[in-house]
Amino acid sequence: MKQKIQQIKEQFNEEISKISDLVKLAELEIRYLGRKAGELTQILRGLKTVPADQKKEIGQLANQLKQEMVEKIETAKKVIKGQAISSDWLDVTLPGVQWPQGHLHLVTQAISEITEIFEHVGFVRRRYPEVEWDFYAFESLNMPPDHPARDEWETFFIDPKPVGPKGQRVLTPHTSSGQVREMERKHLPIRMINISKCYRRQIDVSHAPMFHQFEGLLIDKDVTIAHLKGTLDYFAKQFFGPDRKARIRPFHFQFTEPSFEVDVSCGLCGGKGCKMCKAGWLELGGAGMVHPNVLKAGGIDPKKYSGFAFGWGVERTYMMKAGLSIPDIRMLYQSDLRFLNQF
Ligand code: PHE
């Protein structure tokens with residue numbers, strides 16, 4: 001019996017020294033200490049049959065070995081687990097965990113691109129309030145109270161009645177509200193690109209109640225329509241591509257004289273005319289030479305200075321980029337990753 005115990009001990013020591021994973025270790029534990037058929041368990045169970053004079057000694061030996069085995073198994077477990085952790089930490093050649101990476105929202109991307117294009121030719125980025133006085137949104141823009149032209153701006157009013165010398169507060173319906181604000185800074189000449197949120201009571205595939213506009217304003221001496229046309233053409237080429245052109249058509253705004261609608265040549269048909277465009281052209285937005293009354297409202301002498309302004313929607317412009325298929329402006333604001341991840 002003594003010999004048997006010694007044999008089991010040696011065999012166990014040899015086997016455990018070779019084990020380096022937890023599964024094998026668990027198998028070893030069962031083999032020696034398993035409740036039903038563990039080799040040492042059987043010895044312990046057989047103690048009853050040992051002659052009385054040897055019982056004490058053998059009993060001690062067997063129990064001591066059990067104790068040793070339990071301790072060795074515990075130590076081995078710790079070593080194996082420790083190795084797993086340290087090899088994880090130390091193996092710098094393992095590929096890292098790749099976190100999914102997002103990107104800027106499409107509108108943010110468009111705003112950065114537009115800003116950069118105009119900064120290249122000396123315009124300074126501005127952002128004027130979303131909650132605006134009637135004065136800046138309408139009155140200073142040559143639209144006195146009750147003027148019917150205001151209707152086109154489908155405005156959200158905050159105050160039901162004027163609350164001060166600048167009238168009611170509104171959610172600004174266009175970035176033109178930044179024109180007189182910029183003039184009031186009294187830094188001439190002006191080259192501003194105001195990109196801000198605008199609000200109108202409208203919703204369909206091409207209109208959202210909240211959207212962004214960008215507004216260019218240039219005020220200097222001897223500014224002509226040719227400067228406006230050149231700037232618009234520059235933008236069309238930079239933003240849409242070198243083959244694109246801008247054109248201006250006569251229109252009417254209260255705050256510009258003369259006023260124009262701006263079109264860009266169609267990228268799909270190259271200006272020949274197709275079902276995406278109107279005879280080769282796509283409508284962008286409004287523009288014109290700043291009205292003398294607007295200059296006066298901003299404290300600038302229209303006899304000395306002149307300027308041009310243009311403005312339209314960021315979302316719409318972005319949607320018109322060749323190759324993009326965004327059929328509904330509202331998709332830009334639904335945060336649907338299946339859509340956003342395509343860009
Ligand atoms: N603010 C006008 C609009 O929202 C566009 C415009 C800007 C027209 C500047 C002329 C000059 O429709």
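What you see is a predicted model; the values in this text were computed from it and never measured. Order of listing sets the numbers, starting from 1, for every ligand and every atom in it.
- Residue contact annotation: Gln213 has a non-hydrogen atom under 4.0 Å from ligand 1.
- Ranking protein heavy atoms by distance to atom 1 (N) of ligand 1, first place goes to Ser176 OG, 2.7 Å.
- Of all protein heavy atoms, the one lying nearest to atom 5 (C) of ligand 1 is Gly311 O, 3.5 Å.
- Atom numbering of ligand 1 starts at 1 in the shown order; those under 4.0 Å from a heavy atom of Trp153 are 3 (C), 4 (O).
- The heavy atom nearest to atom 12 (O) of ligand 1, out of those in Arg200, Glu261, Gln254, is found in Arg200.
- Phe118 has its ring centre less than 6.0 Å from the ring centre of Phe235.
- Taking the charged nitrogens against the carboxylate oxygens, Asp328 and Arg330 do have a contact shorter than 4.0 Å, which makes a salt bridge.
- In the hydrophobic cluster analysis, where Ile, Leu, Val, Met, Phe, Trp and Tyr join through side-chain heavy atoms closer than 4.5 angstrom, Phe255 is grouped together with Met183.
- Inspection of the Glu68 and Gln64 side chains reveals no N or O donor paired with an N or O acceptor under 3.5 Å.
- Arg191 contributes no side-chain N or O that, together with a main-chain N or O of Leu218, makes up a donor-acceptor pair within less than 3.5 Å.
- For atom 2 (C) of ligand 1, the choice among Phe251, Phe255, Phe308 with the nearest heavy atom turns out to be Phe255.
- The closest approach between any non-hydrogen atom of Ala287 and ligand 1 is below 4.0 Å.
- Residue Ala309 approaches ligand 1 through these ligand atoms, each under 4.0 Å from one of its heavy atoms: 9 (C), 11 (C).
- Shortest contact from atom 9 (C) of ligand 1 to any protein heavy atom: Glu215 OE2, 3.4 Å.
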Distance-only donor-acceptor pairs under 3.5 Å for side chains of residues 33-42, two or more places apart:
unit_1: Thr41; atom_1: OG1; unit_2: Leu33; atom_2: O; d: 3.3
unit_1: Thr41; atom_1: OG1; unit_2: Gly34; atom_2: O; d: 2.8

Residues 126-142 side chain polar contacts: donor-acceptor under 3.5 Å, at least two apart:
unit_1: Arg126; atom_1: NE; unit_2: Glu182; atom_2: OE1; d: 2.8
unit_1: Arg126; atom_1: NE; unit_2: Glu182; atom_2: OE2; d: 3.3
unit_1: Tyr128; atom_1: OH; unit_2: Glu182; atom_2: OE1; d: 2.5
unit_1: Glu130; atom_1: OE1; unit_2: Tyr199; atom_2: OH; d: 2.5
unit_1: Glu132; atom_1: OE1; unit_2: Arg181; atom_2: NE; d: 3.3
unit_1: Glu132; atom_1: OE1; unit_2: Arg181; atom_2: NH2; d: 2.8
unit_1: Glu132; atom_1: OE2; unit_2: Arg181; atom_2: NE; d: 2.8
unit_1: Asp134; atom_1: OD1; unit_2: Arg150; atom_2: NH2; d: 3.1
unit_1: Asp134; atom_1: OD2; unit_2: Arg150; atom_2: NH1; d: 2.8
unit_1: Tyr136; atom_1: OH; unit_2: Lys166; atom_2: NZ; d: 2.9
unit_1: Tyr136; atom_1: OH; unit_2: Glu184; atom_2: OE1; d: 2.7
unit_1: Tyr136; atom_1: OH; unit_2: Glu184; atom_2: OE2; d: 3.1
unit_1: Ser140; atom_1: OG; unit_2: Phe135; atom_2: O; d: 2.8
unit_1: Asn142; atom_1: OD1; unit_2: Asn293; atom_2: ND2; d: 3.0
unit_1: Asn142; atom_1: ND2; unit_2: Gln254; atom_2: O; d: 2.9
unit_1: Asn142; atom_1: ND2; unit_2: His291; atom_2: NE2; d: 3.4

